[in-house]
Amino acid sequence: MLTLGIESSCDDTACAVLEDGRVVLSSLISSQLNLHARFGGVVPELASREHLKVIGALFEESLQSSEKKIEDIELIAVTNGPGLVGSLLVGSSFAKGLAMMRSLPLVPVNHVHAHVYGAFLGLETDLYSEENTATMFPSLALVASGGHTHLYRMLDPLDFQLLGYTVDDACGECFDKVAKLLGLSYPGGPVIEAMARRFTDSLGDEASVSSSLEMPKMMNQSSLLFSYSGLKTHLYYLVQKESQNGALSERRKEEICFAFQEEALGQILRKLQIAAEENRDIRSIVIAGGVSANKRFRQMMEEKFGANMKPSKRTSRSIPFFFPKLDYCSDNAAMVASYGAAIY
Ligand code: KG4
Ligand code: ZN
């Protein structure tokens, strides 16, 4: 079955064509980064206008690069939330029009669930085979993006039981806000990661968080809820205090980025460990969403859960974990088509 996926929930317009919900024939994204960068965040009205401008041509292009025709499409999947209302409206109206015109079935898709399918797209085995379902599920799935920090327990590929979520800012949102505090560009995640890496590259194994940069931890450590606003506020006062006598040096910013990133990701690792202890039957952990592009995140998961780590060095029991391919971490339409095909 050939599925067309359409995504426009935030600041990326995306179209993808997938065969059998698994094989990506084309996946195109029109990014609005340059449009919003100078505002340090997404401006909703500008975003919806830009979606409207590009969606028609992007759809044509995605068909062309998949070497298929509109007559070949059998299903349309479109993100219908959560997201920016105006932006969602552009994608869903376009998809509805197309579905009516071609008499095609239309599947509305939850954007946060779809992110998990971004990680599934990298799996080499057939997700729905009995063998793979038995080896992979029950699973813990964590989506960390600019809008969400959701932790699910999944009994099978279609089952999402919400175990935890953020009570304030999302993890990616916190990266973006801290980057802004430090005068870095938007989106903050990749810049903070690069700054932190410069710090660790210069120190190697010696890199550690200095006592002046110890980060606050969420009050209720044992709950599966997340919180990022305290961390952000701490950074706000720290940067204010340290820049009283002049701008922060590049080196200090790098060190702050390192300390911040360790805690922003550290919180996720701690919650995953609690969830894994409370759900002893889980067979895998799936990580998804924009923050999953972070390489230090992958390394920390390896240190905590990796089978390749010696048990004496690992801080938790070994659990197989999966990250998306880099193309499918941030918003894209392949994940939407894949999830749409799965729930159709
Ligand atoms: O999933 P996504 O593209 O959009 C939403 O659904 O929100 O996620 C975007 C978020 C942004 O907050 C961005 O700063 C963050 O993902 N992000 C990262 C990295 N790359 C993107 N956060 C940490 N490290 C990264 N390398
Ligand atoms: Zn997203």
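All ligand and atom numbering here is 1-based and tracks the order in the structure. Note that the coordinates shown come from a computational prediction; the quantities given were computed from them, not determined experimentally.
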Assess the side chains of Glu255 and Ser210: does a donor N or O sit below 3.5 Å from an acceptor N or O?
-> yes
Numbering the atoms of ligand 1 from 1, which are under 4.0 Å from a heavy atom of Asp176?
-> 11 (C), 12 (O), 13 (C), 14 (O)
Protein residue, atom and distance nearest to atom 24 (N) of ligand 1, heavy-atom basis = Asn294 ND2, 3.0 Å
Please identify which atoms of ligand 1 are closer than 4.0 Å to at least one heavy atom of Glu193.
-> 25 (C), 26 (N)
By number and element, which atoms of ligand 1 are closer than 4.0 Å to a non-hydrogen atom of Gly147?
-> 7 (O)
So does His111 have any N/O/S atom less than 2.8 Å away from the Zn ion (ligand 2)?
-> yes
Restricting Asp331 to its N/O/S atoms, the closest one to the Zn ion (ligand 2) is OD1
Output yes when Arg49 and Glu45 qualify as a salt bridge under the 4.0 Å nitrogen-oxygen rule, no when they do not.
-> yes
His115: heavy atom below 4.0 Å from ligand 1, yes or no?
-> yes
Lys/Arg-Asp/Glu bridge criterion (N-O < 4.0 Å) met for Arg102, Asp72 = no
Hey, is Arg296 one of the residues with a heavy atom under 4.0 angstrom from ligand 1?
-> no
Distance-only side-chain donor-acceptor flag, Thr13 / His51, under 3.5 Å = yes
Should the proximity of His148 to ligand 1, defined as any heavy atom under 4.0 Å, be assigned to the side chain, the backbone, both, or neither?
-> neither
Could you list the atoms of ligand 1 found under 4.0 angstrom from a heavy atom of Gly172?
-> 12 (O), 14 (O)
The Zn ion (ligand 2) reached by His115 (N, O or S, under 2.8 Å) | yes
Among Ala170, Cys10, Gly146, whose heavy atom sits nearest atom 7 (O) of ligand 1?
-> Gly146
Rounded to the nearest 0.5 Å, what's the gap from CD on Glu303 to NZ on Lys313? Could you check?
-> 9.5 Å
Distance to 0.1 Å, residue and atom name: give those for the protein heavy atom nearest to atom 22 (N) of ligand 1.
-> Gly189 CA, 3.3 Å
Does one side chain, of Ser227 or Asp168, offer a donor that lies under 3.5 Å from an acceptor on the other?
-> yes
Nearest to atom 15 (C) of ligand 1 by heavy atom, Gly41, Pro82, Gly290: which?
-> Gly290
From the list Thr3, Ile73, Leu98, side-chain contact (heavy atoms from CB on, under 4.5 Å) with Leu104 holds only for Ile73
In terms of side-chain heavy atoms, does Lys304 have a donor or acceptor partner in Gln273 at a distance below 3.5 Å?
-> yes
Output for pair (Lys177 NZ, Leu231 CG), nearest 0.5 Å, gives 12.0 Å
Working to the nearest 0.5 Å, report the span between CD of Glu60 and CD1 of Ile55.
-> 12.0 Å
Atom 2 (P) of ligand 1 - nearest protein heavy atom and its distance | Asp331 OD1, 3.4 Å
